[in-house]
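Here the structure comes first, spelled out in structure tokens, and everything after it is commentary.
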Amino acid sequence: MTSISRVVVPRDDIAARVKALADDIAAVFPKRDITILPVLTGALVFTADLIRRLPARVRVEPVSVQSYPGRTVRGQQCRFRLPPPEGLHDRHVLIVDDIFDSGQTMAFLRDAVAQRRPAEIHTCALLRKDRPDLPDRPADPDFFGFDIPDEFVVGYGLDFDSLYRNLPDICVLAEHARRPT
Ligand code: IMP
Ligand code: MG
């Protein structure tokens with residue numbers, strides 16, 4: 001029995017969009033010298049593809065954020081498992097996440113990275129989830145790949161219970177796969 005109920009973004013669409021995103025991103029970094037902060041673990045696959053399309057000098061410095069759903073005060077619901085490196089002063093930074101949902105993770109990261117006084121910060125998420133229930137969501141990422149409906153997706157780095165990150169397409173899980181085993 002398959003765990004997937006439907007493909008939301010097929011692999012060929014992802015590949016084409018990643019290439020276009022890479023060109024757009026390179027164009028806003030005039031020095032083409034970019035320090036990329038991928039948010040582990042979800043942004044791993046996206047970042048691996050993106051950096052190989054980027055016509056730029058690229059450094060990769062992973063970060064990891066633990067979020068506590070349910071807390072509503074901005075910044076209090078996230079903490080670092082792996083914080084940004086010290087040496088970001090005057091760097092041209094791009095934060096890369098898999099999905100922009102409530103926006104809390106990206107807002108938390110942007111604030112934390114700003115304290116390191118980089119030359120500039122841009123943000124990128126492969127997916128932007130439609131959340132009409134959150135009209136006051138923090139500012140959109142500067143770059144995003146696809147708008148998706150408000151459904152839980154997996155694949156291409158995104159997980160459910162640490163599984164399905166290796167699926168090549170972005171998919172909605174079947175109901176039975178979302179039940180605890
Ligand atoms: P936010 O802080 O609410 O924007 O959530 C961002 C984080 O939640 C992402 O980095 C993902 O790890 C996780 N997330 C949100 N929606 C999904 C989803 O549909 N599938 C998998 N992970 C998700
Ligand atoms: Mg994440």
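Order of appearance sets the numbers: ligands from 1, and atoms from 1 within every ligand.
Of all atoms in ligand 1, listed by their number and element, those nearer than 4.0 Å to a heavy atom of Asp159 are 21 (C). Of all the atoms in ligand 1, the ones that sit under 4.0 Å from a non-hydrogen atom of Leu158 are 20 (N), 21 (C), 22 (N). Set against the non-hydrogen atoms of Lys129, the atoms of ligand 1 under 4.0 Å away are 16 (N), 17 (C), 18 (C), 19 (O). The contact set between ligand 1 and Ser102, taken as ligand atoms under 4.0 Å from a residue heavy atom, comprises 1 (P), 2 (O), 3 (O), 4 (O). Listed by number with element, the atoms of ligand 1 under 4.0 angstrom from any heavy atom of Glu151 are 19 (O). Of all atoms in ligand 1, numbered sequentially from 1 with element shown, those under 4.0 Å from a heavy atom of Asp97 are 10 (O).
Taking 4.5 Å as the limit, some side-chain heavy atom of Phe160 sits within range of a side-chain heavy atom of Phe152.
Nearest protein neighbour of atom 15 (C) of ligand 1, counting heavy atoms only, is Asp101 OD2, 3.5 Å. Among all protein heavy atoms, the one lying closest to atom 9 (C) of ligand 1 is Asp98 OD1, 3.3 Å. Nearest protein neighbour of atom 23 (C) of ligand 1, counting heavy atoms only, is Ile99 CG2, 3.7 Å. For atom 2 (O) of ligand 1, the nearest non-hydrogen atom of the protein is Thr105 OG1, 2.5 Å. With respect to atom 20 (N) of ligand 1, the closest heavy atom belonging to the protein is Val153 O, 2.7 Å.
The shortest heavy-atom contact between Val45 and Arg165 is CG2-O, 4.2 Å. Scanning both residues, Ile4 and Leu173, for their nearest heavy atoms gives CD1-CD2, 4.1 Å.
Partners of Asp33 by salt bridge (charged side-chain N to carboxylate O under 4.0 Å, His left out), not counting sequence neighbours, listed by chain and number: Arg57, Arg59.
Clustering ILVMFWY residues whenever any of their side-chain heavy atoms sit less than 4.5 angstrom apart, transitively, puts Leu163 in a cluster other than the one holding Val153.
Of the N or O atoms in Gly103, one or more lie within a sub-3.5 Å distance of an N or O in ligand 1.
Around CZ of Arg137, the count of heavy atoms belonging to other residues, nucleotides or ligands within 6.0 Å exceeds 12.
Contact annotation: Gly42 has no heavy atom less than 4.0 Å from any atom of ligand 1.
No donor-acceptor pair closer than 3.5 Å links the side chain of Arg53 to the backbone N or O of Ala22.
The CZ atom of Phe29 sits 8.5 Å away from atom CG of Leu54, with the distance rounded to the nearest 0.5 Å.
Side-chain atoms of Asp49 and Tyr156 form a donor-acceptor pair, as typed in the model, at a separation below 3.5 Å.
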